[in-house]
Number of protein chains: 2
Amino acid sequence: MEHRIERIKKQLHSESYKLTPQREATLRVLLEREEDHLSAEDVYLLVKEKSPEIGLATVYRTLELLSELKIVDKINFGDGVSRYDLRKEGAKHFHHHLVCIECGSVEEIVNDLLEDVEKIVQSEWGFEVQDHRLTFHGICKQCQLAAVKATQ
Amino acid sequence: MEHRIERIKKQLHSESYKLTPQREATLRVLLEREEDHLSAEDVYLLVKEKSPEIGLATVYRTLELLSELKIVDKINFGDGVSRYDLRKEGAKHFHHHLVCIECGSVEEIVNDLLEDVEKIVQSEWGFEVQDHRLTFHGICKQCQLAAVKATQ
DNA sequence: AACTTATATTATAATTATTATAAATATAAA
DNA sequence: TTTATATTTATAATAATTATAATATAAGTT
C-alpha cells in the first residue's frame with residue numbers, strides 16, 4: 001500500500017500537483033476499499049472517520065483529479081450517483097463489471113475480453129479505441145442458487 | 001413511424017398503461033430524433049414545441065415508463081445527465097456506442113459483437129447475462145482525418 | 001529555516017438533475 | 001353517464017455536484 005501511495009505521489013508531483021493530507025487520506029480510503037464501488041459521498045464519510053476536518057467538495061475535487069490522472073475511473077451503474085473505482089495497477093483498460101439486478105452486487109472482471117471486439121471496431125468503423133466501459137446486467141451466481149433453492 | 005407508434009400503443013395497453021397525448025408526443029420526439037441521444041431536458045424542450053402545455057415531470061415519468069417497458073434505454077456517458085435511446089425494433093440487447101473524446105459525437109453499433117464474450121461470462125463467472133452496456137471512448141474517423149490534415 | 005507563490009482547502013452558497021406531492025383532469029370500463 | 005383509476009399539472013423537495021471567496025498550506029527558493 002505504501003509503495004502504491006509513493007508511486008501515485010510521484011505521479012502527482014510529475015504533473016505539478018501536491019499530495020496534500022486530504023488527497024492522501026482520500027487515496028488511502030480508495031486503496032483500503034479497492035473491491036468496492038464507492039460514491040463520492042461514501043468516500044467522504046470514510047475519509048471523515050480519520051480526517052474529520054475534510055470537506056465534501058475537497059473529496060469531489062480529489063476524485064476528479066484522480067480521474068484525470070487515470071488513477072481512478074468514474075462509473076455510473078444507472079442509480080444516479082457516480083462511483084469511483086481504482087484502476088488496477090498497470091492496466092491499460094478499465095476492467096468490466098457484472099451488476100446483479102437481483103441483489104445489486106457488483107463483481108469485477110479484470111480479464112480483457114474485448115481485444116477482438118476492439119479490433120473489429122477499429123477496422124470496421126475506423127474508430128480509434130482508447131478506453132471502454134462494459135457492464136453486464138443480470139443474475140449473479142448466488143442469486144441463481146437462491147432462486148433454485150426457493151423452488152425446491 | 002405510425003406503425004411503430006401503433007405497436008407501442010398496443011404494448012402499453014397490454015400492460016394496462018394508457019397512451020396519453022403527452023406520452024404520444026414524447027414518443028414522437030424520440031422517433032423523430034432516433035439517431036440522437038437526448039437528455040430528459042432535451043426531450044422536454046422538443047416536446048414543448050408541439051405540445052407547450054406538457055410538464056417536465058411528465059416527460060421524466062414517460063421516459064421512466066418507456067425504460068421499464070424496454071422501449072428506450074437509459075444511458076449515461078459520464079456527463080452528469082441521463083440520456084434516453086430508443087431500442088432498435090426487435091433487438092434483444094442494447095446497442096453499443098462509440099463516443100469521440102475529441103468532438104463528442106456518438107455513433108451507434110447495432111451489431112451484436114458481444115455474443116462470445118457473454119458466453120464466456122456465463123460459463124466462467126456463472127453470471128446469467130440479461131443485458132449489457134458497452135461504450136468505447138476514443139477518436140472517431142472524422143477527427144482522425146482532421147488530425148492528419150492539421151499536421152500536413 | 002524563513003520566504004514566497006502558486007495551489008489547495010474550507011465553509012458556505014448556488015446550480016442542476018431528478019423525484020415527490022397533492023389537487024385537478026382525463027380516460028377506459030361498467 | 002357514472003365511476004374508479006390512471007395521469008398530468010404545478011409546484012415543492014431532495015440529492016448530487018459545482019462554484020465562490022477567504023484562508024491556509026506544500027514545496028521550491030533564498
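Just the heavy atoms: all of them, side chains too, but no hydrogens, waters or symmetry mates, feed the values below. Throughout, a chain's letter reflects where its sequence line sits, starting with A, and its residues are numbered from 1.
Every pair tested for salt bridge (Lys or Arg N to Asp or Glu O under 4.0 Å) that includes a residue from residues 143-152 of chain A fails, sequence neighbours excluded, so the list is empty. Screening residues 104-123 of chain B for ring-ring contact (aromatic ring centres under 6.0 Å, His included) gives no qualifying pairs among residues at least two apart or on separate chains. A salt bridge (Lys or Arg N to Asp or Glu O under 4.0 Å) check over residues 45-66 of chain B, counting only residues at least two apart or in different chains, returns the pairs B/Glu32-B/Lys50. The salt bridge (Lys or Arg N to Asp or Glu O under 4.0 Å) analysis of residues 111-126 of chain B, with sequence neighbours excluded, yields no pairs.
With respect to B/Arg133 and B/Asp73, a salt bridge is recorded, a charged nitrogen being found less than 4.0 Å from a carboxylate O.
The stretch residues 18-56 of chain B comes close to DNA chain C through B/Lys18, B/Pro21, B/Leu56, each having a heavy atom under 4.0 Å from the strand. If you check residues 58-82 of chain B against DNA chain C, the residues with a heavy atom closer than 4.0 Å are B/Tyr60, B/Gly80, B/Val81, B/Ser82, listed by number.
In 5' to 3' order, the nucleotides of DNA chain D bounding all contacts with chain A (an atom under 4.0 Å from a heavy atom) are D/dA16 to D/dA27.
Partners of B/His93 by ring-ring contact (aromatic ring centres under 6.0 Å, His included), not counting sequence neighbours, listed by chain and number: B/His132. In this structure A/Ser82 satisfies the side-chain contact (heavy atoms from CB on, under 4.5 Å) test together with A/Lys74, A/Asn76, A/Tyr84, sequence neighbours excluded. A/Glu89 meets the side-chain contact (heavy atoms from CB on, under 4.5 Å) test with A/Arg4, A/Arg7; sequence neighbours excluded.
Between B/Val72 and B/Leu63 the shortest heavy-atom distance is CG2-O, 3.9 Å.
Considering only heavy atoms from C-beta on, A/Leu69 comes within 4.5 Å of A/Gln11 through its side chain. Between A/Phe136 and A/His97 there is no side-chain heavy-atom pair separated by less than 4.5 Å.
The NZ-P distance, from B/Lys9 to C/dT27, rounds to 11 Å in whole Å.
Axis orientation changes by 30° from one end of the helix from C/dA1-D/dT30 to C/dA30-D/dT1 to the other, with each end axis drawn from 5 pairs and the value rounded to 10°.
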Table please: side-chain donor-acceptor pairs of residues 100-110 of chain B below 3.5 Å, with sequence neighbours left out.
| from | atom 1 | to | atom 2 | distance (Å) |
| --- | --- | --- | --- | --- |
| B/Glu108 | OE1 | B/Lys88 | NZ | 2.6 |
| B/Glu108 | OE2 | B/His37 | NE2 | 2.9 |
| B/Glu108 | OE2 | B/His95 | NE2 | 3.3 |

